[in-house]
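One-based numbering, in listed order, for ligands and for the atoms of each. Keep in mind it's a predicted model, so treat the numbers as computed, not measured.
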Amino acid sequence: MTQTRKLNVAIVGAGMSGICMAVKLQDADIDDFVIYESADDVGGTWRDNTYPGLSCDVPSRFYSYSFRPNPHWSRFMSPGSEIHRYFRQVADERGVTPHIRFGAEVTSARFEDGRWWVGTSEGEEAFDVLITATGVLRVPRYPEIDGLDTFAGPTFHSARWDHSISLHNKQIGLIGTGSTGVQITAELGGKVRGLTIFQRSPQWVYPTPNLRYRALTKAALARWPVLNNLGYRFWQTYIENTLGRAAVEAGLNRRLMALLCRLNLRLSVRDPAMRRKLTPNYHAMCKRLILAGHYYRSIQKPGVHLVTEAIDHVEPRGVVTSDGVLHELDLLVLATGFDARAYVRPMGIVNDNGVTLDDVWEDGPHAYRSIAVPGFPNLFMLMGPHSPIGNQSLVLIAENQADYAMWWINKIRNGDIIAASPTDTATKDYNEQMKSALRQTIWMTGCKSWYLGKDGLPELFPWRPARHRELLATPDISHFDVRTA
Ligand code: N01
């Protein structure tokens with residue numbers, strides 16, 4: 001007969017993944033868990049990013065927990081503030097919030113005597129299982145540009161938007177044309193006195209109008225939850241079989257996506273000179289595809305200047321480009337992305353042999369099935385290395401990873417095992433298969449992007465999203481070093 005034993009769990013991060021994990025623990029009647037959150041609010045990326053125009057570029061119907069549909073989304077792809085409210089609401093209504101220690105930054109976690117000792121400025125506490133839910137794009141990346149710190153006006157990163165600064169009557173400089181830069185441009189273009197966009201590489205833009213849901217639709221979705229579920233399944237199927245498939249398999253799908261991006265540019269930008277500036281020299285989807293409705297319209301509005309000359313340096317009055325032109329500015333926004341290789345770091349994670357995660361990841365972050373690391377027992381990472389991120393709903397990925405962690409947690413609780421970590425061999429085999437498949441993906445077709453790791457390979461999942469789900473739904477105990485009582 002299986003015996004259940006009491007166990008406790010530490011979750012690091014109260015963003016979308018951390019809240020998801022907490023709900024899964026509660027559903028399994030595990031109430032002894034703590035969520036450490038360095039900030040003073042839940043929401044992770046949706047708390048930190050507040051820039052004008054922020055919205056999700058995955059349909060909201062699908063970018064929701066499958067266990068908590070939301071009939072009230074205002075738009076097809078809802079604004080960031082609304083998404084933040086949704087996660088806060090789920091944390092409150094599921095009783096997760098009282099488990100959160102706000103303002104508690106985890107600086108270390110060490111595995112000793114079969115338990116994880118989680119360290120904050122308040123000291124250490126021991127847990128049976130450690131879940132990291134620290135997000136993927138959390139650490140802002142600041143560009144190395146000569147003289148950047150000499151600029152006389154305010155300068156901030158897009159993920160640290162300073163709302164105390166009025167945009168009224170300002171000449172705004174925007175460095176970066178990734179998903180963030182595009183959303184800021186779409187929102188501010190034509191609404192501020194001047195917007196100068198410094199583009200290093202143009203982007204392919206997949207046409208995606210962001211329609212509002214009518215009151216009647218919302219009422220129907222609230223009245224008949226089955227409609228919500230149908231919407232979820234529809235958008236899941238659509239996204240996984242278009243974007244999810246085109247990225248990893250050559251064929252009609254990929255060609256169609258590329259054609260739609262080209263047509264979008266051709267039909268939206270009539271001026272050939274402008275169109276040339278906006279035409280990438282790489283395949284659509286090589287960088288993360290931009291899904292936007294009115295970027296091209298905004299970029300052609302009066303007062304918007306697209307600068308394609310390289311930035312040479314910054315001086316107190318503005319940005320000087322390689323052609324010697326000074327672009328005078330009042331405010332400089334750095335939409336220059338994130339360190340996508342930080343994962344759980346700078347938190348120092350060390351196992352019972354004194355090996356750190358930094359040591360193991362010296363040649364780049366890697367994991368077993370995106371979630372566990374050899375030699376680090378009872379550690380599960382949500383959104384770990386090679387998760388199927390990119391143009392997918394990270395919410396469903398977090399749910400699948402949390403379910404996988406729960407499978408092991410239940411084994412520990414049932415007394416079947418006391419600790420488990422993947423074997424070196426299974427992890428190596430998995431990573432080798434992945435590396436070979438990665439070479440066939442669109443991400444390797446000759447562009448620079450934040451996807452690419454130190455080894456030049458994309459840190460993404462090289463198969464369809466469904467394969468990741470299958471891998472996590474079928475845990476293989478023979479791939480693990482298991483300790484029993
Ligand atoms: O960052 P990025 P992002 N001089 O790294 C440029 C997610 N996201 O914040 O392309 C000049 O994509 C850089 O140029 P280049 C999403 O996963 C999601 O926009 O490298 N330019 C590029 O244009 C996304 O992929 C949503 O040549 C410099 C830009 O800065 C990820 O976040 C919304 C430079 C950085 O683009 C990151 O997007 C927003 C320099 N020194 C973001 N350094 C959703 O809607 C960098 N650049 C879900």
Give a yes-or-no answer on whether the side chains of [X] and [Y] include a donor-acceptor pair shorter than 3.5 Å.
{"X": "Q401", "Y": "S370", "result": "yes"}
{"X": "R75", "Y": "S55", "result": "no"}
{"X": "N241", "Y": "T237", "result": "no"}
{"X": "T321", "Y": "H327", "result": "yes"}

Hey, which atoms in ligand 1 end up nearer than 4.0 Å to a heavy atom of [X]?
{"X": "S201", "result": "10 (O), 15 (P), 27 (O)"}
{"X": "T177", "result": "22 (C), 23 (O), 29 (C)"}
{"X": "G176", "result": "6 (C), 23 (O), 29 (C), 30 (O)"}
{"X": "C56", "result": "45 (O)"}
{"X": "D57", "result": "44 (C), 45 (O), 48 (C)"}

Side chain, backbone, both or neither: [X] near ligand 1, heavy atoms under 4.0 Å:
{"X": "M77", "value": "neither"}
{"X": "Q203", "value": "neither"}
{"X": "S55", "value": "backbone"}
{"X": "Y51", "value": "side chain"}
{"X": "A335", "value": "backbone"}
{"X": "F198", "value": "neither"}
{"X": "L137", "value": "side chain"}
{"X": "K448", "value": "neither"}

At what distance is the nearest protein heavy atom to [atom], and which residue and atom is it?
{"atom": "atom 1 (O) of ligand 1", "value": "G337 CA, 3.1 Å"}
{"atom": "atom 18 (C) of ligand 1", "value": "R288 NH1, 4.1 Å"}
{"atom": "atom 38 (O) of ligand 1", "value": "T180 OG1, 3.8 Å"}
{"atom": "atom 41 (N) of ligand 1", "value": "P143 CB, 3.4 Å"}
{"atom": "atom 24 (C) of ligand 1", "value": "S179 OG, 3.5 Å"}
{"atom": "atom 12 (O) of ligand 1", "value": "W450 CD1, 3.5 Å"}
{"atom": "atom 36 (O) of ligand 1", "value": "G178 CA, 3.6 Å"}

*Would you say the side-chain atoms of Q392 pair up with the backbone N or O of P465, donor to acceptor, closer than 3.5 Å?*
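No: the side chain of Q392 does not pair with the backbone of P465.
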*Is Y65 reaching over with its side chain to a backbone N or O of M16, donor-acceptor style, under 3.5 angstrom?*
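It does hold such a pair.
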*Are any of the side-chain nitrogens in R345 or D339 under 4.0 Å away from the carboxylate oxygens of its partner?*
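Here R345 does not pair with D339 in a salt bridge, since their nearest N and O are not under 4.0 Å apart.
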*Lys/Arg N to Asp/Glu carboxylate O, E93 vs R68, below 4.0 Å*: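 Salt bridge between E93 and R68, a charged N being under 4.0 Å from a carboxylate O: yes.
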_Identified side-chain contact (heavy atoms from CB on, under 4.5 Å) counterpart of I349 within the set V360, V344, V373, V106_ =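 Of the listed residues V360, V344, V373, V106, the side-chain contact (heavy atoms from CB on, under 4.5 Å) partner of I349 is V344.
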_Set out, in order, the CA-CA distance, both residues' side-chain angles and the distance that settles side-chain contact (heavy atoms from CB on, under 4.5 Å) for I290 and Q183, then state yes or no._
CA-CA 9 Å; I290 309 280; Q183 289 187 339; over 6 Å; no
*Please round to the nearest 0.5 Å and tell me the distance separating atom CG of D57 and atom CG of N391.*
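Answer for the CG-CG pair, D57 versus N391, is 6.5 Å.
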Indicate, with yes or no, if the rings of [X] and [Y] have centres closer together than 6.0 Å.
{"X": "H157", "Y": "F338", "value": "yes"}
{"X": "W204", "Y": "Y206", "value": "no"}
{"X": "W73", "Y": "Y86", "value": "yes"}

_Per atom 4 (N) of ligand 1, closest listed option by heavy atom (R200, Q199, K287, E144)_ =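 Ranked by closest heavy atom to atom 4 (N) of ligand 1, first place is R200.
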*Could you pull out, from I389, N391, I175, the option with a heavy atom nearest to atom 21 (N) of ligand 1?*
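Nearest heavy atom to atom 21 (N) of ligand 1 lies in I175.
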*Would R141 count as a contact of ligand 1 if the rule is a heavy atom under 4.0 Å away?*
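Contact check R141 vs ligand 1: positive.
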